[in-house]
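Bear in mind that the values here come from a model prediction, so they are computed numbers and not experimental data.
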Amino acid sequence: MKTLIEIFPKYNIQADVKLGNYTNTRVGGPADWCFWPKTQAELKEVVQYANEQNILITVLGNASNLVITEDGLSGLVIFLTEMKQIKALGNHIVVEAGAWIIETAQMAYEYALTGLEWAAGIPGSVGGAVFMNAGAYGGQIDQVLESTDVITADGRLKTYAAAELAFGYRHSLIQETGDIIVSATFVLKPGKRSVIGAKMADYNERRAQKQPLEFPSCGSVFKRPTGYFAGKLIMDAGLQGYQIGDAQVSTKHAGFIVNRGHATGSDYVNLIKHVQTTVYQTFKVDLETEVRILGRK
């Protein structure tokens, strides 16, 4: 049987790729196959073939808000980082899924459009941000998204209006459908560049002061429990600085787990479980993970 590389020789497909070279945590074992599509047409063709052949597909965007164990991932892993065009059209910004949300916020600033200031420092892709309804500082994707284009499991291109995506806290319908986000259209409001820029600078300064940007991490690990702050619960449980292997509850912000050097996916998973157990035993509060934890099935 021909390999994916032989079937699609002109596409950027590689075999046996160490995922830790691409994840923000710097952890993760090998993937059977990795694919970096440059266009929707490439993506559609390969997705359709993979589904016809029952090849498992995992979309990682730019691999920021997740932990991959050292056994890696079966099947085909798709990175959308080459699909990164951003266009401003009046009050709209149309963005391919692999573009950084930071760059999208910067484009909005350049065109004096307000509504994405909160995203100025979020190190994730647009596709990932829509997938998980990302947010910060009172802003959230569902407040500014007009529509998103996806490729369905059978290879069709489909458009969802924002109202169809059943957005909730760190949730969207895409998490259930298995669709692959290929682009998003944001609708923003005219604003003053000076005001927009000042807000972005303020949010970035706050982020730099509070978040452990000096170490690899997967971002905020836990969802905010109703009535509490995850970071404070973890700190009050005496876990700030707690370490398993080289995975550590950040000493700067207890809601983050950082890689102090040579952490493994298992270090992360075991530390997450330890934090969840300790916080529940201490405060009877369940901490639900915001990050995706992935491994071979």
Taking all non-hydrogen atoms of both residues into account, name the closest pair between [X] and [Y] and its distance.
X: Gln175; Y: Arg170; result: NE2-O, 3.2 Å
X: Gly128; Y: Ser125; result: N-OG, 3.1 Å
X: Ile234; Y: Ala254; result: CD1-O, 3.4 Å
X: Val126; Y: Ala184; result: CG1-CB, 3.8 Å
X: Ala162; Y: Leu145; result: CB-O, 3.1 Å

Tell me, do [X] and [Y] make a side-chain contact under 4.5 Å, heavy atoms counted?
X: Ser250; Y: Lys210; result: no
X: His253; Y: Arg207; result: no
X: Arg224; Y: Tyr169; result: yes
X: Thr81; Y: Tyr22; result: no
X: Glu45; Y: Ile7; result: no
X: Ile151; Y: Leu157; result: yes
X: Pro37; Y: Leu80; result: yes
X: Leu173; Y: Glu164; result: no

Residue that, paired with [X], satisfies side chain to side chain contact (heavy atoms under 4.5 Å, CB included) out of [options]:
X: Leu294; options: Val77, Asp71, Leu60, Thr23; value: Leu60
X: Phe35; options: Gln14, Glu42, Glu82; value: Glu42
X: Thr58; options: Ile78, Leu73, Leu19, Ile68; value: Leu73

Before we go on, tell me: are the rings of Phe283 and Tyr228 under 6.0 Å apart, centre to centre? no

What about [X] and [Y], same hydrophobic cluster or not, with Ile/Leu/Val/Met/Phe/Trp/Tyr joined at side-chain heavy-atom distances under 4.5 Å?
X: Val59; Y: Ile174; value: no
X: Met200; Y: Tyr137; value: no
X: Ile101; Y: Leu188; value: yes
X: Phe222; Y: Tyr268; value: yes
X: Val291; Y: Ile244; value: yes

Return the set of residues passing side chain to side chain contact (heavy atoms under 4.5 Å, CB included) with Ala15 (not counting sequence neighbours), or none when no residue passes. Ile5, Trp33

Indicate yes or no for a side-chain donor-acceptor contact from Lys223 to the backbone of Glu290 under 3.5 Å, with no hydrogens or angles considered. no

Ignoring hydrogens and angles, tell me if any N or O in the side chain of Arg292 forms a donor-acceptor pair with the backbone of Asn65 under 3.5 Å. no

Output, in order, the C-alpha distance, side-chain angles, deciding distance and verdict of side-chain contact (heavy atoms from CB on, under 4.5 Å) for Asp202 and Glu117. CA-CA 10 Å; Asp202 175 51; Glu117 291 89 334; over 6 Å; no

With a cut-off of 6.0 Å (strictly less than), are more than 12 heavy atoms of other residues, nucleotides or ligands near [atom1] of [X]?
X: Tyr111; atom1: OH; value: no
X: His274; atom1: NE2; value: yes
X: Lys18; atom1: NZ; value: yes
X: Lys284; atom1: NZ; value: yes

May I have the step-by-step check of side-chain contact (heavy atoms from CB on, under 4.5 Å) for Phe186 and Met107, ending in yes or no? CA-CA 12 Å; Phe186 298 105; Met107 174 75 85; over 6 Å; no

Can you tell me how far apart CD (Gln243) and OG1 (Thr251) are? Round to the nearest 0.5 Å. 10.0 Å

Could you tell me the separation between the CD1 atom of Ile272 and the CD1 atom of Ile293, rounded to the nearest 0.5 Å? 4.0 Å

Salt-bridge test for Asp267 and Arg260: reply yes if a basic N is under 4.0 Å from a carboxylate O, no otherwise. no

Across all chains, not counting sequence neighbours, the salt bridge (Lys or Arg N to Asp or Glu O under 4.0 Å) partners of Asp236 are Lys232

Working note: Thr289 + Val67, criterion side-chain contact (heavy atoms from CB on, under 4.5 Å); need CA distance, chi angles, decisive distance, verdict. CA-CA 11 Å; Thr289 53; Val67 172; over 6 Å; no

Does Thr159 form a side-chain contact (heavy atoms from CB on, under 4.5 Å) with Asp149? I'd like the steps, not just the answer. CA-CA 4 Å; Thr159 300; Asp149 289 344; 2.6 Å; yes

